Undergrad: 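One structure follows; several queries about it will come next.
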There are 2 protein chains.
Amino acid sequence: MRKPKIQNMEEFAEFSGFSRPTISKYFNDPQSVRSRTRDKIEESLAKCDYRPNIFAINQNRKLTKNVGIVVPYLADPFFAEMARRIETLVIAAGFQPILLSSHGDPALEIDNLASLRSIKPAGVLIAPLGRTSDRAAIEAFCADVPTVSFDANIEVTGEAFVGHNNAQAIEVMLEYLVRSGEPPVFFEMRNPPNPNANKRRNAYIETMELMGHTPHVIQAEGEGWSLEEIGFREGRKALVDKAFATGTIFCSNDRLAIGFLAAAYELGLRVGLSEDCALRVAGHDNHPFSSFTCPTLTTVSHDYEAITARSVKMLLELINKDERSGTGTTILFDGKLIMRASA
Amino acid sequence: MRKPKIQNMEEFAEFSGFSRPTISKYFNDPQSVRSRTRDKIEESLAKCDYRPNIFAINQNRKLTKNVGIVVPYLADPFFAEMARRIETLVIAAGFQPILLSSHGDPALEIDNLASLRSIKPAGVLIAPLGRTSDRAAIEAFCADVPTVSFDANIEVTGEAFVGHNNAQAIEVMLEYLVRSGEPPVFFEMRNPPNPNANKRRNAYIETMELMGHTPHVIQAEGEGWSLEEIGFREGRKALVDKAFATGTIFCSNDRLAIGFLAAAYELGLRVGLSEDCALRVAGHDNHPFSSFTCPTLTTVSHDYEAITARSVKMLLELINKDERSGTGTTILFDGKLIMRASA
DNA sequence: CATTAAAATTTACGCGCGTAAACTTTAGTT
DNA sequence: AACTAAAGTTTACGCGCGTAAATTTTAATG
């Protein structure tokens with residue numbers, strides 16, 4: 001009892017008893033045909049599992065149903081989580097997500113955009129690499145394709161940016177750390193791959209001064225996306241050298257903090273709030289693994305849900321409006337303090 | 001000084017001074033045209049950054065240059081790492097990777113395959129969900145599209161399976177654990193999402209008996225892919241209940257181990273090799289984060305490089321042969337013991 | 001029942017490229 | 001210079017579908 005093999009829309013039209021344009025209309029928008037027609041089409045659809053050829057669909061269409069998603073490094077669980085949520089939302093909106101990772105490589109980032117451009121996407125969501133990105137190329141892309149950037153704003157990307165309120169998040173964490181102990185030292189990379197880092201450092205310095213404390217910044221050497229390794233190696237070095245002005249370390253992100261915690265553990269330094277602890281460590285991002293570090297990591301969470309939801313919503317609006325505002329809207333969502341055992 | 005806008009191959013042919021079929025030939029295989037022609041085409045290409053329309057390219061081609069990659073859960077760093085390597089290899093081979101995650105959902109897995117089928121991929125690399133997969137649907141897919149499965153073999157997937165030698169890996173770890181201490185208890189999920197788990201349990205039991213020891217298996221309750229959480233919650237419970245027959249715990253995978261280590265830490269149990277440690281903990285997978293746990297995790301590494309390289313190589317061979325062998329080749333790569341601080 | 005708007009059909013063209021066949025030019029050999 | 005295979009050109013058709021325009025059918029209303 002094999003289902004009949006339907007090769008194209010012509011054959012399916014015959015099979016279902018409607019004309020091809022009607023079938024075409026149905027696939028473009030099921031609501032655009034009469035409900036009785038819709039039911040009948042779906043009934044025949046169940047009997048032969050035909051699917052329109054994606055290439056042919058998009059060949060002669062003004063607007064495709066493709067939405068590109070470009071992230072800087074998919075092997076980073078933070079971006080994996082963001083991508084997972086965005087993909088789900090895009091599917092729910094009736095579009096087809098196309099997920100591309102730049103693997104930390106600016107050339108691949110541009111290549112990804114070129115690939116996307118050639119499939120005429122309805123829109124694109126991009127979290128740029130940041131510092132190393134080819135700004136001009138990205139800007140050129142945004143001029144042609146409705147684009148919303150998220151997570152990292154490099155000041156040129158698209159009609160809108162939806163991201164995390166680094167300044168507020170840093171402030172919340174600093175207030176907590178100071179209130180419950182002492183002003184922290186800020187631990188970051190000298191050359192962070194992600195532009196959020198600069199915002200965080202500046203917010204740290206500014207807020208510390210506003211609170212009447214002296215800012216201390218320790219900058220780790222190293223390039224690339226092996227953040228845990230850099231946090232471990234450079235954190236260990238700084239600990240051995242007693243480079244930290246206080247016993248409270250505020251890491252620029254959780255991955256750095258995870259490496260740092262490993263270094264502290266290896267050196268036999270207890271981390272936590274209690275009296276017998278030598279260090280307090282806080283991170284930033286609410287990384288998926290931050291609940292399972294030893295001790296569990298006190299951090300600031302991005303509003304994952306709000307950021308992804310709004311990014312997708314804005315892109316859909318942009319797609320529907322079709323005329324570009326050029327306003328460069330920026331939307332930031334506040335972070336939330338996640339108090340755990342490490343600080 | 002704007003580059004001229006070339007809309008299609010016709011225009012580019014005129015721009016470069018060659019005929020359209022020659023240009024088409026060049027894009028299909030640059031080596032198929034004379035080197036002088038190639039140089040000239042590439043020269044003009046640099047002057048106008050034209051790209052053939054992907055949809056039109058694949059519209060009327062017998063074999064597309066697309067290679068599908070389907071993983072069960074992309075937010076799992078293990079699969080993110082595998083996907084990253086495979087993507088790079090596929091690009092290097094001149095194909096375009098299309099990465100799809102099933103997000104742990106069998107329905108989405110089938111949907112992903114349906115999406116892939118409709119773009120007529122040259123081949124597909126799939127790591128099936130496993131237990132929850134719709135075997136019949138996957139089998140039907142493999143009958144139509146050259147498919148190589150990796151990581152998890154569900155006995156029906158495609159012409160070839162490239163994976164990790166679980167039996168050997170378990171044996172190596174058991175030998176090490178016994179030699180350097182005592183026979184371990186095996187800690188796993190009762191309903192693991194991934195079929196590798198069953199192979200590992202069986203290998204554990206078999207090898208233990210062969211070595212003359214009594215196997216002890218503790219099975220954690222819980223469903224889904226939140227393995228750290230399950231490892232933490234159920235590991236904690238088992239520790240509190242003193243359910244472990246010995247002080248050496250061999251976790252079925254690193255993510256479970258990461259959760260387990262967090263539980264041990266919270267309970268104040270020192271983990272490691274030294275005399276003052278209450279527990280030894282080993283994992284399996286050489287998860288990207290296993291170097292940064294506290295203590296660092298002793299584990300068995302997959303041969304990531306060999307598995308990904310061979311998977312891609314086999315798929316390319318399958319694509320080129322075009323006639324299907326139907327042999328169902330299985331290739332396993334040995335694991336490597338990674339000795340760290342936890343056991 | 002007549003009226004009318006909505007829905008479906010028919011017809012026809014086009015998207016950008018792959019590809020095959022027949023022909024012409026080019027480059028490399030004797 | 002004559003020959004030959006390789007490379008390039010011309011011509012022509014087709015892929016599977018989107019889409020527009022004109023026409024016919026259907027369903028809803030008074």
Side-chain angles (χ1 to χ4, degrees), chain A residues 5-45 48-66 94 96 114-115 117-122, chain B residues 5-42 44-45 48-66 94 96 114-115 117-122 322:
Chain A
K5 283 278 177 191
I6 304 285
Q7 294 293 348
N8 54 39
M9 197 177 279
E10 193 88 44
E11 284 180 29
F12 178 72
E14 194 178 357
F15 178 77
S16 63
F18 293 92
S19 70
R20 195 177 63 75
T22 302
I23 303 294
S24 175
K25 242 185 130 194
Y26 166 81
F27 277 111
N28 273 305
D29 177 12
Q31 299 302 322
S32 68
V33 300
R34 204 180 306 160
S35 63
R36 220 161 54 79
T37 306
R38 185 164 56 245
D39 292 345
K40 279 191 175 177
I41 291 178
E42 278 163 5
E43 199 177 307
S44 357
L45 216 46
C48 68
D49 63 40
Y50 158 76
R51 279 206 182 197
N53 179 305
I54 291 195
F55 298 116
I57 284 179
N58 293 311
Q59 167 85 39
N60 195 23
R61 186 188 262 170
K62 284 107 183 68
L63 199 61
T64 69
K65 283 288 185 180
N66 302 316
Q96 185 184 349
S115 294
R117 191 197 291 267
S118 71
I119 64 169
K120 299 182 183 169
Chain B
K5 283 279 176 189
I6 304 285
Q7 294 293 348
N8 53 38
M9 196 177 278
E10 193 88 45
E11 284 180 29
F12 179 72
E14 193 178 359
F15 178 77
S16 63
F18 292 93
S19 70
R20 194 177 66 74
T22 302
I23 303 294
S24 175
K25 243 185 129 191
Y26 166 81
F27 277 110
N28 274 305
D29 177 13
Q31 299 301 322
S32 69
V33 301
R34 202 180 307 161
S35 63
R36 221 161 54 79
T37 306
R38 186 164 55 244
D39 292 346
K40 279 191 176 179
I41 291 179
E42 279 163 4
S44 344
L45 217 46
C48 68
D49 62 42
Y50 159 74
R51 280 206 183 198
N53 180 305
I54 291 195
F55 299 115
I57 284 179
N58 293 311
Q59 167 83 39
N60 195 23
R61 186 188 266 169
K62 282 105 183 71
L63 199 62
T64 68
K65 283 287 185 181
N66 302 316
Q96 187 186 349
S115 293
R117 190 197 291 268
S118 71
I119 65 170
K120 298 181 182 168
D322 88 7

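Chain letters run A, B, ... following the sequence lines, proteins first and then strands; every chain starts at 1. Given the structure is predicted, the values throughout are model-derived calculations rather than measurements.
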Undergrad: Go through A:Ile57 and B:Phe55 one step at a time and tell me if the side chain to side chain contact (heavy atoms under 4.5 Å, CB included) criterion holds.
TA: CA-CA 9 Å; A:Ile57 284 179; B:Phe55 299 115; over 6 Å; no
Undergrad: First locate atom CD of A:Glu42, then atom OG of A:Ser35, and finally report the distance between them rounded to the nearest 0.5 Å.
TA: 10.5 Å
Undergrad: What N/O pairs connect the protein and nucleotides 3-5 of chain C at under 3.5 Å? Give each pair on its own line.
TA:
none

Undergrad: Which residue pairs pass the side-chain hydrogen bond (donor to acceptor under 3.5 Å, both in side chains) test when at least one of the two sits in residues 7-20 of chain A, sequence neighbours left out?
TA: A:Ser19-A:Thr22
Undergrad: Checking the side chain of A:Ser44 only, and the main-chain atoms of A:Lys40 only, is there a donor and an acceptor separated by less than 3.5 Å?
TA: yes
Undergrad: Can a side chain N or O of A:Ser24 be found less than 4.0 Å away from OP1 or OP2 on D:dC17?
TA: no
Undergrad: Taking only residues two or more places apart in sequence, or in another chain, which ones meet A:Phe18 in a ring-ring contact (aromatic ring centres under 6.0 Å, His included)?
TA: none
Undergrad: For A:Phe55 and C:dG18, give me the distance from atom CZ to atom P, rounded to whole Å.
TA: 12 Å
Undergrad: To the nearest 0.5 Å, what is the distance between CZ (A:Arg36) and CD1 (A:Ile41)?
TA: 11.5 Å
Undergrad: Could you check whether any side-chain heavy atom of B:Ile54 comes within less than 4.5 Å of a side-chain heavy atom of B:Gln96, counting everything from C-beta outward?
TA: yes
Undergrad: Take the protein atom CD1 of A:Ile23 and the nucleotide atom C1' of D:dT19, then report the distance between them rounded to whole Å.
TA: 16 Å
Undergrad: Distance check, rounded to the nearest 0.5 Å: A:Thr37 atom OG1 versus A:Lys25 atom NZ?
TA: 9.5 Å
Undergrad: Near DNA chain D, counting only heavy atoms under 4.0 Å, which residues of residues 8-16 of chain B show up?
TA: none
Undergrad: Sequence neighbours excluded, which residues qualify as side-chain hydrogen bond (donor to acceptor under 3.5 Å, both in side chains) partners of B:Arg51?
TA: A:Asp111
Undergrad: Quick one: does any side-chain atom of A:Tyr50 pair with a main-chain N or O of A:Leu45 as donor and acceptor, under 3.5 Å?
TA: no
Undergrad: Using the side-chain hydrogen bond (donor to acceptor under 3.5 Å, both in side chains) criterion, which residues pair with B:Asp39? Sequence neighbours excluded.
TA: none
Undergrad: If a protein heavy atom is under 4.0 Å from the base, mark B; if only from the sugar-phosphate, S; if neither, -; do that for nucleotides 10-15 of chain C going 5' to 3'.
TA: BBB-BB
Undergrad: Considering residues at least two apart in sequence or located in another chain, which fulfil the side chain to side chain contact (heavy atoms under 4.5 Å, CB included) criterion with A:Glu43?
TA: none
Undergrad: With the threshold set at under 4.0 Å for non-hydrogen atoms, list the residues of residues 25-42 of chain A touching DNA chain D in residue-number order.
TA: A:Asn28, A:Arg34, A:Arg36
Undergrad: Apply ring-ring contact (aromatic ring centres under 6.0 Å, His included) to B:Tyr26 and list each qualifying residue two or more places apart in sequence or on a separate chain.
TA: none
